Peer 1: 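Let me give you the structure first, and then I'll get to my questions.
Treat the numbers as computed from the prediction; the structure is a model and nothing was measured. Each chain gets a letter, A, B and so on, in the order its sequence line appears, and its residues count up from 1.
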Number of protein chains: 2
Amino acid sequence: MATNGRRQADRAAPATIYDVARMAGVSPSTVSRALNKPGRINASTEHRIREIAEAIGYRLNPLARALPTGRTQTLALTLSDITNPVYFELIRGAERVAASRGYILILAESQESADLENETAQRLLSSVDGLILVAARLDNSDIVELGKRKPILTVNRKVRGIGSVVADVRPGIRDALDHLQRLGHKKLAYIAGPSSSWMNRLRDRTISSEAGDRGMKVVTLGPHVPTVAGGAAALEAVRESGATAALAYNDLMAIGLLKAGHEVGMRIPEQLSLVGFDDIFGSDFTSPPITTIRTPHALLGEQAALRLIAELNNEAAHRHTVPRTEFLQRSSTDRARLGRF
Amino acid sequence: MATNGRRQADRAAPATIYDVARMAGVSPSTVSRALNKPGRINASTEHRIREIAEAIGYRLNPLARALPTGRTQTLALTLSDITNPVYFELIRGAERVAASRGYILILAESQESADLENETAQRLLSSVDGLILVAARLDNSDIVELGKRKPILTVNRKVRGIGSVVADVRPGIRDALDHLQRLGHKKLAYIAGPSSSWMNRLRDRTISSEAGDRGMKVVTLGPHVPTVAGGAAALEAVRESGATAALAYNDLMAIGLLKAGHEVGMRIPEQLSLVGFDDIFGSDFTSPPITTIRTPHALLGEQAALRLIAELNNEAAHRHTVPRTEFLQRSSTDRARLGRF
DNA sequence: CGGATCTCGGCAACCGATTGCCAATCTATC
DNA sequence: GATAGATTGGCAATCGGTTGCCGAGATCCG
């Protein structure tokens with residue numbers, strides 16, 4: 001029978017520093033220092049305390065520590081859609097770095113809703129040391145507001161006064177456009193993602209500007225939801241646009257367009273060249289495999305975690321290199337067709 | 001300038017119930033009760049307190065509450081590999097349910113290592129109310145041990161005395177084997193996943209038993225790592241086995257086998273019928289799309305979270321239906337070829 | 001040898017809630 | 001009008017650590 005009513009009857013209460021202190025014949029504060037202020041305590045005492053702690057299976061209670069120190073050793077990462085394959089490597093990168101530095105990573109999903117994102121972030125904020133906002137749908141002012149409460153960092157979005165990790169989209173876009181130009185394409189369509197997406201606007205602008213430099217025309221179609229279904233929905237508009245090549249906001253949409261096109265008998269790349277974005281899992285085993293502009297997501301996740309943790313510990317900011325996108329030629333692009341299809 | 005040295009100089013200390021109490025002219029305990037024991041306090045007092053709390057932006061500090069109550073409103077979910085697409089829907093299902101019931105979900109990855117999994121689980125255990133182990137690689141005894149500290153639940157694994165949510169693999173396997181039998185297949189290969197995987201053993205056994213009932217032969221190949229690369233590695237063994245149809249432990253491996261086969265000119269399904277497992281994202285846009293045995297992962301995640309939360313709150317166990325697998329015929333299966341390839 | 005400095009460990013306050021217990025007041029009942 | 005009972009709110013302990021401050025004893029140094 002548990003002595004403490006709030007515990008489940010059959011679960012043993014974990015050992016505390018008070019238990020260790022009693023067994024070692026010292027005060028709890030001595031145990032605390034022995035365990036995490038190396039050198040502060042006589043070496044032999046420290047050793048004895050460590051042995052006893054080990055023997056009775058003492059484990060620090062992170063919550064109890066967090067209360068007075070305000071440090072939870074936890075990071076939160078919010079994103080619009082957990083199941084979007086774009087984020088897998090990013091999540092893993094952040095998780096690995098966090099774990100290696102002794103931090104726990106909490107994931108939260110905003111389901112493409114700014115309100116939900118804000119609410120979630122607010123709720124989590126008091127339980128974490130810092131927050132990574134991936135592809136935030138929030139207003140700038142909300143983000144700034146969050147930044148006043150805890151250190152935060154945005155990925156693939158820039159907000160004045162807030163640290164960010166953003167992939168440089170230009171190198172990949174340049175190479176993609178050079179590639180399309182060599183293939184004779186003159187008129188392109190950009191299939192836009194959500195209008196609330198900062199990254200969507202960046203890709204849109206960069207494509208337009210780079211295409212302009214090359215004397216190519218770009219028409220922006222959308223916005224569309226950034227999913228397979230959203231890409232499929234764009235098919236008709238792409239046909240009507242008269243473009244010979246389409247760049248989708250992301251691979252998910254490119255895949256959707258590819259499937260939808262396939263169903264109505266459109267041949268890709270013969271009738272339409274298609275370029276995706278991100279190089280997600282699966283984009284290489286469609287048929288044809290999708291030519292895409294790769295985003296180094298694992299690197300983004302790692303850098304985000306690394307920089308946030310550095311900030312938390314007041315470490316000197318790492319000299320940080322901007323991750324670059326990279327053009328990946330596969331088989332969904334080919335020479336521009338001549339007539340309409 | 002902050003009065004409290006441990007806070008970042010430029011971040012305001014969040015409001016506490018003490019602040020609210022002072023402004024309302026009541027004691028902190030009254031504030032606490034006003035906010036979460038509706039009716040315990042005079043209605044007008046409660047109303048006044050709520051208004052003040054709202055006005056100064058008071059937010060409960062979950063850590064402070066967790067310390068005396070032992071309840072963190074947090075669930076942890078451990079899995080072997082975050083980026084395995086198999087888990088996406090499962091994670092989302094669990095996250096949705098958790099969020100809707102006011103729980104936070106923490107994700108932890110064990111990278112296919114039992115030791116790391118155990119360590120992670122141990123570390124997290126004091127910060128969470130309960131733990132969901134997905135495809136645990138741990139020993140039964142370790143799992144039982146964890147269960148003594150906190151409520152835990154396993155997914156796709158059964159351990160005596162521990163609650164579990166496991167998909168029934170038999171319906172899908174039956175339909176798959178019936179399908180293969182109709183196509184004239186008599187000798188099958190099962191491409192095994194990790195030997196430490198309980199689910200792998202279940203699939204292996206069930207396939208063997210059901211195939212036996214139908215007078216079909218099965219040879220088990222492996223174990224192999226449950227990834228695209230692992231599937232590719234199995235190609236040679238499949239050829240040598242003389243089987244006319246192969247069932248892979250999961251879709252990832254089926255995809256790997258498909259790609260590897262494609263590279264050496266093997267035609268699927270003409271020369272080899274291929275059946276995957278799980279219906280992961282992407283398994284329908286390979287060419288040919290992979291015939292697979294679908295596992296209802298979202299449902300598994302939802303049920304796991306639901307049941308664990310019910311246990312935490314001592315609610316009556318939900319009448320719980322076992323999620324069933326389902327055969328999904330696509331195009332990677334065809335009539336058995338006659339000669340060797 | 002005496003004073004300054006170091007080393008080591010304990011005391012007690014604190015973080016921000018929750019909650020058992022108690023007391024004061026109000027209400028109801030006979 | 002007395003008393004039982006309900007209502008309302010406060011006191012103080014508690015959860016498990018951390019840390020500023022203090023003092024006893026050891027060590028150092030001129």
Side-chain angles (χ1 to χ4, degrees), chain A residues 2-7 11-50 53 56-73 125-127 129, chain B residues 2-8 11-22 24-50 52-53 56-74 125-127 129:
Chain A
T3 57
N4 190 327
R6 73 187 171 73
R7 295 197 194 283
R11 287 179 220 288
T16 70
I17 55 168
Y18 293 84
D19 301 324
V20 178
R22 194 162 10 82
M23 295 182 67
V26 298
S27 82
S29 49
T30 303
V31 175
S32 173
R33 288 198 265 254
L35 263 23
N36 44 62
K37 305 268 149 120
R40 175 67 173 78
I41 292 293
N42 183 298
S44 70
T45 313
E46 179 180 329
H47 185 70
R48 188 160 45 89
I49 290 176
R50 285 187 182 280
I56 67 172
Y58 165 76
R59 286 173 180 279
L60 172 111
N61 180 334
L63 282 72
R65 163 184 275 173
L67 198 44
T69 62
R71 310 208 60 180
T72 61
Q73 296 291 109
L125 218 50
S126 52
S127 316
D129 292 345
Chain B
T3 56
N4 190 328
R6 72 186 171 73
R7 296 197 194 283
Q8 311 270 342
R11 284 177 223 290
T16 70
I17 54 168
Y18 293 85
D19 300 325
V20 178
R22 194 163 10 82
V26 298
S27 82
S29 48
T30 303
V31 175
S32 172
R33 288 197 265 252
L35 263 23
N36 44 61
K37 305 265 149 112
R40 175 66 173 75
I41 291 292
N42 183 296
S44 70
T45 313
E46 178 179 328
H47 185 70
R48 188 161 43 90
I49 290 176
R50 285 187 182 280
I52 293 176
I56 67 173
Y58 165 77
R59 286 174 180 280
L60 172 110
N61 181 334
L63 282 73
R65 165 183 273 175
L67 197 45
T69 63
R71 310 208 60 181
T72 60
Q73 296 292 108
T74 302
L125 220 47
S126 53
S127 315
D129 292 345

Peer 1: Rounding to 10°, can you tell me the angle the first-five-pair axis of the helix from C:dC1-D:dG30 to C:dC30-D:dG1 makes with its last-five-pair axis?
Peer 2: 40°
Peer 1: Side chains of A:Thr30 and A:Ile41: closer than 4.5 Å at any heavy-atom pair?
Peer 2: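 The answer is yes; the side chains approach within 4.5 Å.
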Peer 1: From NZ of A:Lys37 over to P of D:dT18, roughly how many Å is that when rounded to an integer?
Peer 2: 8 Å
Peer 1: As a test of reading the structure: which of D:dT18, D:dG17, C:dC15 is closest to the side chain of A:Thr69, going by heavy atoms?
Peer 2: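 Of the candidates, D:dT18 comes closest.
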Peer 1: What contact category does A:Leu63 fall into here, base, sugar-phosphate, or nothing, at under 4.0 angstrom with non-hydrogen atoms?
Peer 2: nothing
Peer 1: Whole Å only: how far is the CD atom of A:Gln73 from the C1' atom of D:dG17?
Peer 2: 14 Å
Peer 1: Would you give the length of the straight line joining atom CG of A:Asp129 to atom OG1 of A:Thr69, rounded to the nearest 0.5 angstrom?
Peer 2: 8.0 Å
Peer 1: Taking salt bridge (Lys or Arg N to Asp or Glu O under 4.0 Å) as the test, write out the residues that go with A:Arg40, two or more places apart.
Peer 2: none
Peer 1: Tell me: CG of B:Asn36 to P of C:dG16, nearest whole Å?
Peer 2: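 B:Asn36 atom CG is separated from C:dG16 atom P by 17 Å.
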Peer 1: Atom OH of A:Tyr18 to atom P of D:dT14: distance rounded to whole Å?
Peer 2: 11 Å
Peer 1: Checking side chain to side chain contact (heavy atoms under 4.5 Å, CB included) between B:Tyr58 and each of B:Ile52, B:Asp19, B:Leu35, which is the one that passes?
Peer 2: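 Result for side chain to side chain contact (heavy atoms under 4.5 Å, CB included) with B:Tyr58: B:Leu35.
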Peer 1: Rounded to the Å, how far apart are B:Leu35 CG and C:dT18 C1'?
Peer 2: 12 Å
Peer 1: Could you state the CG-C1' distance from B:Leu60 to C:dG16, rounded to the nearest angstrom?
Peer 2: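 Between C1' of C:dG16 and CG of B:Leu60: 9 Å.
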Peer 1: Does A:Arg48 reach the main-chain N or O of A:Ala24 with its side chain, forming a donor-acceptor pair under 3.5 Å?
Peer 2: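 Checking the backbone N and O of A:Ala24 against the side chain of A:Arg48, a donor-acceptor pair under 3.5 Å is found.
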Peer 1: Restricting to non-hydrogen atoms, name the atom on B:Ser27 and the atom on B:Ala21 that form the minimum distance, rounded to 0.1 Å.
Peer 2: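 Looks like C-CB, 3.7 Å.
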Peer 1: Quick test: give all pairs of protein nitrogen or oxygen and nucleotides 7-11 of chain D nitrogen or oxygen below 3.5 Å, distance rounded to 0.1 Å.
Peer 2:
| unit_1 | atom_1 | unit_2 | atom_2 | d |
| --- | --- | --- | --- | --- |
| D:dG9 | OP1 | B:Thr45 | OG1 | 2.6 |
| D:dG9 | OP2 | B:Asn42 | N | 2.8 |
| D:dG9 | N7 | B:Arg40 | NH1 | 3.0 |
| D:dG9 | O6 | B:Arg40 | NH2 | 2.9 |
| D:dG10 | OP2 | B:Ser27 | N | 2.9 |
| D:dG10 | OP2 | B:Ser27 | OG | 3.2 |
| D:dG10 | OP2 | B:Thr30 | OG1 | 2.2 |
| D:dG10 | N7 | B:Arg33 | NH2 | 2.9 |
| D:dG10 | O6 | B:Arg33 | NH1 | 3.4 |
| D:dG10 | O6 | B:Arg33 | NH2 | 2.4 |
| D:dC11 | N4 | B:Ser29 | OG | 3.2 |

Peer 1: Among C:dC15, C:dT18, D:dG17, which is the nearest nucleotide to the side chain of A:Leu67?
Peer 2: C:dC15
Peer 1: Hey, are the side chains of A:Thr16 and A:Asn61 touching, using non-hydrogen atoms and a 4.5 Å cut-off?
Peer 2: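 Of all side-chain heavy-atom pairs linking A:Asn61 with A:Thr16, none is under 4.5 Å.
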Peer 1: Nearest-Å distance, NE2 (A:His47) to P (C:dG9)?
Peer 2: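 Taking atom P of C:dG9 as the reference, NE2 of A:His47 is at 15 Å.
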Peer 1: Quick one: does any side-chain atom of A:Arg65 pair with a main-chain N or O of A:Arg71 as donor and acceptor, under 3.5 Å?
Peer 2: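 Between the backbone of A:Arg71 and the side chain of A:Arg65 there is no qualifying donor-acceptor contact (under 3.5 Å).
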Peer 1: Keeping A:Thr72 on the side-chain end and A:Ala66 on the backbone end, is there a donor-acceptor pair under 3.5 Å?
Peer 2: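 Such a contact is absent between A:Thr72 side chain and A:Ala66 backbone.
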Peer 1: Rounded to the nearest angstrom, tell me the gap between atom CZ in B:Arg65 and atom P in D:dG16.
Peer 2: 18 Å
